[in-house]
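Take a look at the structure below.
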There are 2 protein chains.
Amino acid sequence: MDTLPDDRPAFHDGGHEHQSCVEDALARAEDLCRRRGARLTPLRRRVLELVWGSHRAVKAYDLLAALDDGAGAAKPPTVYRALEFLKEHGLVHRIDSLNAFVGCPQPGEGHSAQFLICGECGEVSEMNAASIDRAVAERAAASGFALSRIIIELHGRCPRCATPSRGI
Amino acid sequence: MDTLPDDRPAFHDGGHEHQSCVEDALARAEDLCRRRGARLTPLRRRVLELVWGSHRAVKAYDLLAALDDGAGAAKPPTVYRALEFLKEHGLVHRIDSLNAFVGCPQPGEGHSAQFLICGECGEVSEMNAASIDRAVAERAAASGFALSRIIIELHGRCPRCATPSRGI
DNA sequence: CCGCCCGGCGTTACAGTATAGCAGCACGCA
DNA sequence: TGCGTGCTGCTATACTGTAACGCCGGGCGG
């Protein structure tokens, strides 16, 4: 068994240039879909863009409301279908403990994913800790359990929210 | 850091004497509530018994239907309140990825819990692998993340379902 | 004993999450 | 041209969960 190094989860400071996060994510998505022959339609692209509107997990019905361009309100299946497509291609993840969705910063790779969810600011950060996956796979195998999907969602406070800010 | 041993998850064979699982669980619950001064009312006891009706995760609305004794149908808040009480006392766990509830075999201890969920037979088994918790806590700490709750839900096939039975 | 409080339960009503199933439309292709 | 396929839109409905109010019974101080 090779020992992959663990990735570092990236939390973002309040002042980071978020527009570039969005643009990069969309560019990665365009690229991945082109390579796979999948169709990143305007609707799907828009939903992905909305999911990337923040580093927090976004609820489907909030997307629905955001899609509503003033005229006809979008209907649930519209957004759920777009999310389904994005999930299938690893462009977004669903956070089960929040019933919400978050953009995947490294789409396309069969990566392990553990989510760090800040209960204060709501930011969700994806880790890729191979060491955790190994520990899990090892224990599952020891029980004779044939593992197919690993859900790890960690709630707590992100570094910025956990550290009392100067001034308090 | 002391190195706790990992527990073994217990899967049950089809023919096990389930009635004793239920009775044991209820006895543990009675005992725990007595020690804590918490009130295991008839309703709460009945909900716990229903949750323990199988080793699968049970949906709130299925409990609701099961509570319906023919006369007046039970209403959602009834069962959700009972589940809330049982969760608070660690007598049941909620499986977020299933929107369902499962009885806890070791209530009362601040244990780590990882759930092995069989997609075939539906059985849910709780592991208590301290090694996994340690790996998770370590990585969270390395990221400066203040961990408060660890959700680990593993989907796959239980040993019985993963092993092709004689006869096929 | 009486009155009060409080926890548990019941009810109504509603909010939030998700899917089934069918119709129309655009596009590529035989 | 005609057809199939994939995307989108719609209606309708199912499923999951909570807010808010009121009743009731039991404990407890007066």
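Convention: sequence-line order gives letters A, B, ...; per-chain numbering from 1.
Less than 4.0 Å separates DNA chain D from at least one heavy atom of each of the following residues of residues 36-59 of chain A: A:R39, A:T41, A:L43, A:R44.
In this structure, B:L63 atom CG and C:dC9 atom P are separated by 15 Å, rounded to whole Å. Spacing between atom CG of A:L98 and atom P of C:dG16 amounts to 16 Å, rounded to whole angstrom units. Distance, A:L64 CG to C:dT19 C1': 14 Å, rounded to whole Å. The distance from atom CG of B:N99 to atom C1' of C:dT19 is 14 Å, rounded to the nearest whole Å. C:dA18 atom C1' lies 18 Å from atom CD1 of A:I95, rounded to whole Å. Rounded to an integer number of Å, the gap from A:K87 NZ to C:dA18 C1' is 10 Å. Straight-line distance from the CG atom of A:L86 to the C1' atom of D:dT8: 15 Å, rounded to whole Å. With rounding to whole Å, A:L83 atom CG is found 15 Å from D:dT8 atom C1'.
A centroid separation of less than 6.0 Å is found between the aromatic rings of A:H55 and A:H18. For B:F101 and B:H93, the gap between ring centers reaches or exceeds 6.0 Å.
A:E153 has no carboxylate O lying under 4.0 Å from a charged side-chain N of B:R149, or vice versa, which leaves the two without a salt bridge. A salt bridge links A:E120 to A:R157: one of the charged nitrogens lies within less than 4.0 Å of a carboxylate oxygen. Look at B:R34 and B:D31 and you find a salt bridge, because one of the NZ, NE, NH1 or NH2 atoms lies within 4.0 Å of a carboxylate O, short of that distance.
Residue A:T78 places none of its side-chain N or O atoms closer than 4.0 Å to OP1 or OP2 of D:dT8.
Comparing atom distances between the B:P77 side chain and each of D:dT18, C:dC9, C:dT19 picks out D:dT18 as nearest. Taking the side chain of A:Y80 as heavy atoms from C-beta on, and the options D:dG17, C:dT19, C:dT11, the nearest nucleotide is C:dT19. Closest to the A:K75 side chain, of the nucleotides C:dC9, D:dC10, D:dT18, is D:dC10.
Considering CD of A:E138 and CZ of A:R134, their distance stands at 9.5 Å, rounded to 0.5 Å.
Two residues, A:Y61 and B:F85, neighbour DNA chain C, and the one matched to the more 5' nucleotide by heavy-atom proximity is B:F85.
Scanning atom types as modelled, one donor and one acceptor separated by under 3.5 angstrom connect the side chain of A:R81 and the base of D:dG9.
At a threshold of 4.5 Å between side-chain heavy atoms, the hydrophobic network of Ile, Leu, Val, Met, Phe, Trp and Tyr places B:L67 and B:L26 in one connected group.
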